[in-house]
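The structure appears right after this line, and notes come after that.
Just so we're on the same page: letters track the sequence lines, and every chain starts at 1. Computed over heavy atoms, backbone and side chain alike; hydrogens, waters and symmetry mates excluded.
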Protein chains: 2
Amino acid sequence: MKGPKNLGDLQLAILRALWERGEAPVATVHEDLSERGLALTTIATMLRKMEEKGLVSHREQGRQFLYRAEVDPELVQKNLVGDLVTRLFDGDPLALINHLLRAGEVELDELDDLRRAVANAEQKRTRRPK
Amino acid sequence: MKGPKNLGDLQLAILRALWERGEAPVATVHEDLSERGLALTTIATMLRKMEEKGLVSHREQGRQFLYRAEVDPELVQKNLVGDLVTRLFDGDPLALINHLLRAGEVELDELDDLRRAVANAEQKRTRRPK
DNA sequence: TTCACTCTACTACCTGAGTAGTTGGCGCCG
DNA sequence: CGGCGCCAACTACTCAGGTAGTAGAGTGAA
């Protein structure tokens, strides 16, 4: 159930495709990543390696394999982001946000919008539990 | 002047040590990373490899080498964070912050504090330019 | 039946990061 | 002067990620 910390570029891209699709044959994943210009077998190989690590699983449909992600997107995000925060910001997530602001990646009013939206959702959840 | 996108764990740790120290001999970096239990030569080798890539430089002091970082911390942060945002959040930094909030890594009031601090600094800078 | 096609399985490489032993030069302490 | 110790250079290896060709099996069409 624990998502891994180290995910290569291709692996993450594949996972994202699977998260999006739910379940997909190799060819479909291949097409989703077509901008990378990779061979179909590259995707297939990667998928097999990822299955060994438990990142994905497959079931057979005719002679095709349908793959699906076995790791939770939320968890993977948490791990990846957490890793970055640890390695780069001494484990302080606020430092990361601060960086985003300072570097001009995010504007103050965008932050405010987000803040409001989150606070709102929070409220709704608290007021009408379940 | 462009910081690289891919930085290994050790390389980043070394850079952080050098950013902190400004300039340091191998032995000092080694001590800064002592919790990793690495051999001194490991650090030395890594430093040499990093120098080949232009990440660090050295000057000689007696028979020792003093290393210094040749890349700007801000830039490296920007690249690393930017890379993550691209790979994981479709290039939307707000999605990252949203994730931090949802995952409970950051609380709303912490965000507010930070927001105020940043707005304040902004103001000061605008009011008294230079 | 046979042939072409489509997939997966196997095998093979390359590269970068990380890790560390061994070597060889050079200065210092007796 | 001679050995000891420090330090950079060189060499060597492992591992994971990525990339892809080739082989082999099953399927559907002619």
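- A 6.0 Å sphere centred on CZ of Arg16(B) holds more than 12 heavy atoms belonging to other residues, nucleotides or ligands.
- One can place CZ of Arg63(A) at 11 Å from C1' of dC5(C), the figure rounded to the nearest angstrom.
- Between Arg48(B) atom CZ and dC10(D) atom C1' there is a gap of 7 Å when expressed in whole angstrom units.
- Atom NZ of Lys49(A) and atom P of dT19(D) are 10 Å apart (whole Å).
- Within residues 17-39 of chain A, the residues that place at least one heavy atom under 4.0 Å from DNA chain D are, in residue-number order, Leu38(A), Ala39(A).
- Atom C1' of nucleotide dT19(D) and atom CD1 of Ile14(A) are separated by 12 Å, given to the nearest angstrom.
- Proximity of Lys53(B) to the phosphate of dA17(C): a side-chain N or O atom is located under 4.0 Å from OP1 or OP2.
- Rounded to a whole Å, the CG atom of Asp9(B) is 14 Å from the C1' atom of dT19(C).
- Relative orientation of the His58(A) and Phe65(A) rings is parallel, given thresholds of 30° and 60° on the angle between their planes.
- Note on Arg115(B) versus Asp112(B): no salt bridge recorded, every NZ/NE/NH1/NH2 to OD/OE distance being 4.0 Å or above.
- One can place CG of Leu10(B) at 13 Å from C1' of dG16(C), the figure rounded to the nearest angstrom.
- Applying the 6.0 Å contact sphere to CD of Glu23(B) captures more than 12 heavy atoms from other residues, nucleotides or ligands.
- Distance, Leu47(A) CG to dC10(C) P: 15 Å, rounded to whole Å.
- Residue whose closest nucleotide on DNA chain D sits further toward the 5' end, between Asn6(A) and Thr45(A): Asn6(A).
- With Gln77(B) contributing its side chain and Glu74(B) its backbone, the two residues share no donor-acceptor pair below 3.5 Å.
- Looking at heavy atoms from C-beta onward, Glu70(B) lies out of side-chain contact with Leu55(B) at the 4.5 angstrom threshold.
- Nearest-nucleotide positions on DNA chain C place Met46(B) closer to the 5' end than the other of Met46(B) and Thr41(B).
- Listed pair Thr42(A) / dG18(D) fails the phosphate criterion, with no side-chain N or O lying under 4.0 Å from OP1 or OP2.
- What separates CD of Gln61(A) from P of dG26(D) is a distance of 18 Å, to the nearest Å.
- Of the side-chain N and O atoms in Gln11(B), one or more sit less than 4.0 angstrom from OP1 or OP2 of dG18(C).
- The local environment of CZ in Arg102(A) is sparse, with at most 12 non-hydrogen atoms from other residues, nucleotides or ligands closer than 6.0 Å.
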